[in-house]
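The structure under discussion appears below in the form of structure tokens.
In what follows, chains carry the letters A, B, and so on, assigned in the order in which the sequence lines appear, proteins first and then strands, with residues in each chain numbered from 1.
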Protein chains: 2
Amino acid sequence: MDHCSTCVVRNRAICAALGTDEVSLLGKMGRHHKLVAGQTLIWEGEDSLLVANVIDGILKLSTSMSDGREQIVGVVYPSDFIGRPFGSQTQYNVTALTDAHVCTFSSSDFDRFAREHPDLEHKLLERTLAELDRTRRWLLLLGRMTASEKIANFLIDMSERLIRPDCSFNGPANAFDLPFGRQQIADILGLTIETVSRRLNDFKAQGLIAVPSRRRIEILDRDGLETVAENASQ
Amino acid sequence: MDHCSTCVVRNRAICAALGTDEVSLLGKMGRHHKLVAGQTLIWEGEDSLLVANVIDGILKLSTSMSDGREQIVGVVYPSDFIGRPFGSQTQYNVTALTDAHVCTFSSSDFDRFAREHPDLEHKLLERTLAELDRTRRWLLLLGRMTASEKIANFLIDMSERLIRPDCSFNGPANAFDLPFGRQQIADILGLTIETVSRRLNDFKAQGLIAVPSRRRIEILDRDGLETVAENASQ
DNA sequence: CAGCTTTATTGATCAGCATCAAAGAATAGA
DNA sequence: TCTATTCTTTGATGCTGATCAATAAAGCTG
């Protein structure tokens, strides 16, 4: 059966690089998967057997140390691509943060197909370059920013990314639900859960944000938040 | 004139994806540049006008905050590719750490040429994926490791990468010259120069390394260093 | 090789964030 | 609805790494 013709991310995922015939060819190699929140699709260090497109839901990419310290190294949304093509290992865990739907392919099938379809590889290249840019900016955040700066930048970043569901981008959202708990925010920012909680409350006290429920954030003073994000001292 | 036929990185740079005719075609679009140590080739945020291959020398990619805090987000070696194809801006500075030779192309020329040569794009994709993996591992280092762990990992990483000049990889080197001063090490690891200096001396006192001159490192006890790298407490 | 500049080391102190601990909400399940 | 569990907040304390400051060593230049 051909899921692709009804796929909601058909025109946003890398599949958009393909014509109708080619999509159905790729579609024959793909398999739908349902993931429940918390379920891990790919384990760090395991032989890289599959890659996937995210159809629905949000997933995290994470690595951890032997004593349990964890760092989230990426977050993927509907239409994003998951996995490590042309490589023998995936170096991070891929875990669903919400219930999710993904369309998986065997790595070897996908690699072969991609090599035969330059437009697909090109789309993949553009995505990978953009992700590299994003990841490099995160290095500055992790290496050089204070806790307040990290959290302010995180909130601004989220306000710009979390409007995806309806796809139409009309400026950053000032109210949104985070797909993360406090511990996950800490794992993204290289902080502890306590520090995240405290700084978030500081922002609330300063009137920069409101936190009507655990995961909901309302930005009340975006300029103020941006000032903190640039330089906590000013 | 055709530099490519005598280019020392001809078979290691992305150009290796091309046949003789195509290389000379690309070569006609390229220009040689000499850079002196400290010279900046591309500025953060500037319109992305050029990309390049590194022929000789070592360069850093860095971003900084308005108050001067800096984070090095990448280091490139001979045969590596520099710049942001298919994008309007380069998000980081590219600065020579040593005197260097690069082969530059106008972004638009390169983009056009690449789109016409899938094998070249494929090489670029493989490099970009590998660089993304490396950068993501660095997130764990910056976000979750202690100063000692950071420095131990850094030294091990350097011992594995700095043997490039002669190209033949026969295991990690136990003695090498860093292409960085202490401040640059600090900017790579998200530390201060003082902390780098102190931890390096600790390692010396523990007999893990020797530092015969400022930039020279000799690993005396690799296992010990690896133990520190994994988990400072053990 | 003298004098200057840059870079690195060493020491003292401080602050930010982590850690440890406990109480308080929210959520889920019976 | 009540209870058990999980997640979050809040408080007290301590440590790691930053900051400030001064000295020392290494490179440069003439």
Next on the checklist: Distance check needed: D/dT10 C1' versus A/Asp202 CG, whole Å only.
Outcome noted: 12 Å
Checklist entry - Nearest-Å distance, CG (B/Asn201) to P (D/dA24)? => result 16 Å
Item to check | Aromatic ring pairing B/Phe180/B/Phe154, orientation class (parallel under 30°, perpendicular over 60°, tilted between) | outcome: tilted
Checklist outcome for this item: Rounded to whole Å, CZ of B/Arg69 lies from P of C/dG16 at a distance of 12 Å
Close N/O contacts between protein and nucleotides 18-21 of chain D (under 3.5 Å):
{"from": "D/dA18", "atom 1": "OP2", "to": "B/Thr192", "atom 2": "N", "distance (Å)": "3.4"}
{"from": "D/dA18", "atom 1": "OP2", "to": "B/Thr192", "atom 2": "OG1", "distance (Å)": "3.0"}
{"from": "D/dA18", "atom 1": "OP2", "to": "B/Thr195", "atom 2": "OG1", "distance (Å)": "2.5"}
{"from": "D/dT19", "atom 1": "O4", "to": "B/Arg198", "atom 2": "NH2", "distance (Å)": "3.1"}
{"from": "D/dC20", "atom 1": "N4", "to": "B/Glu194", "atom 2": "OE2", "distance (Å)": "2.9"}

Checklist entry - Can you check the A/Met145 CE to C/dC17 P distance for me, whole Å? => result 13 Å
Checklist entry - When the distance from CD of B/Glu149 to C1' of D/dC15 is rounded to whole Å, what number comes out? => result 15 Å
Item to check | B/Leu124 and B/Pro85, any side-chain heavy atoms less than 4.5 Å apart | outcome: yes
Checklist entry - Where does the angle between the aromatic ring planes of B/Phe81 and B/Phe110 fall among parallel (under 30°), tilted (30 to 60°) and perpendicular (over 60°)? => result tilted
Checklist entry - Taking the side chain as C-beta and beyond, is there a heavy-atom pair between A/Val73 and A/Thr135 under 4.5 Å? => result no
Close N/O contacts between protein and nucleotides 5-8 of chain C (under 3.5 Å):
{"from": "C/dT7", "atom 1": "O2", "to": "B/Arg214", "atom 2": "NH2", "distance (Å)": "3.0"}
{"from": "C/dA8", "atom 1": "OP1", "to": "B/Arg182", "atom 2": "N", "distance (Å)": "3.0"}
{"from": "C/dA8", "atom 1": "OP2", "to": "B/Arg182", "atom 2": "N", "distance (Å)": "3.2"}
{"from": "C/dA8", "atom 1": "O4'", "to": "B/Arg214", "atom 2": "NH2", "distance (Å)": "3.2"}

Checklist entry - B/Arg199 CZ to C/dT9 C1': how many Å, rounded? => result 13 Å
Checklist entry - For A/Ile193, what residues pass the side chain to side chain contact (heavy atoms under 4.5 Å, CB included) criterion, not counting sequence neighbours? => result A/Arg182, A/Gln183
Next on the checklist: Rounding to an integer number of Å, can you tell me how far A/Leu189 CG sits from C/dC17 P?
Outcome noted: 12 Å
Checklist entry - Within 45 degrees of the axis of the six-membered ring of A/Tyr92 and under 6.0 Å from its centre: does B/Arg136 put its NZ or CZ there? => result yes
Next on the checklist: Using a 6.0 Å cut-off, check whether atom CZ of A/Arg31 has over 12 heavy atoms from anything other than its own residue.
Outcome noted: no
Item to check | Protein-nucleotide distance (A/Arg216, atom CZ; C/dT27, atom P), rounded to Å | outcome: 14 Å
Checklist entry - Taking 4.0 angstrom as the limit, do A/Arg144 and B/Asp67 come out as a salt bridge? => result no
Checklist entry - Side chains of A/Leu191 and A/Lys150: does their closest heavy-atom pair fall under 4.5 Å? => result yes
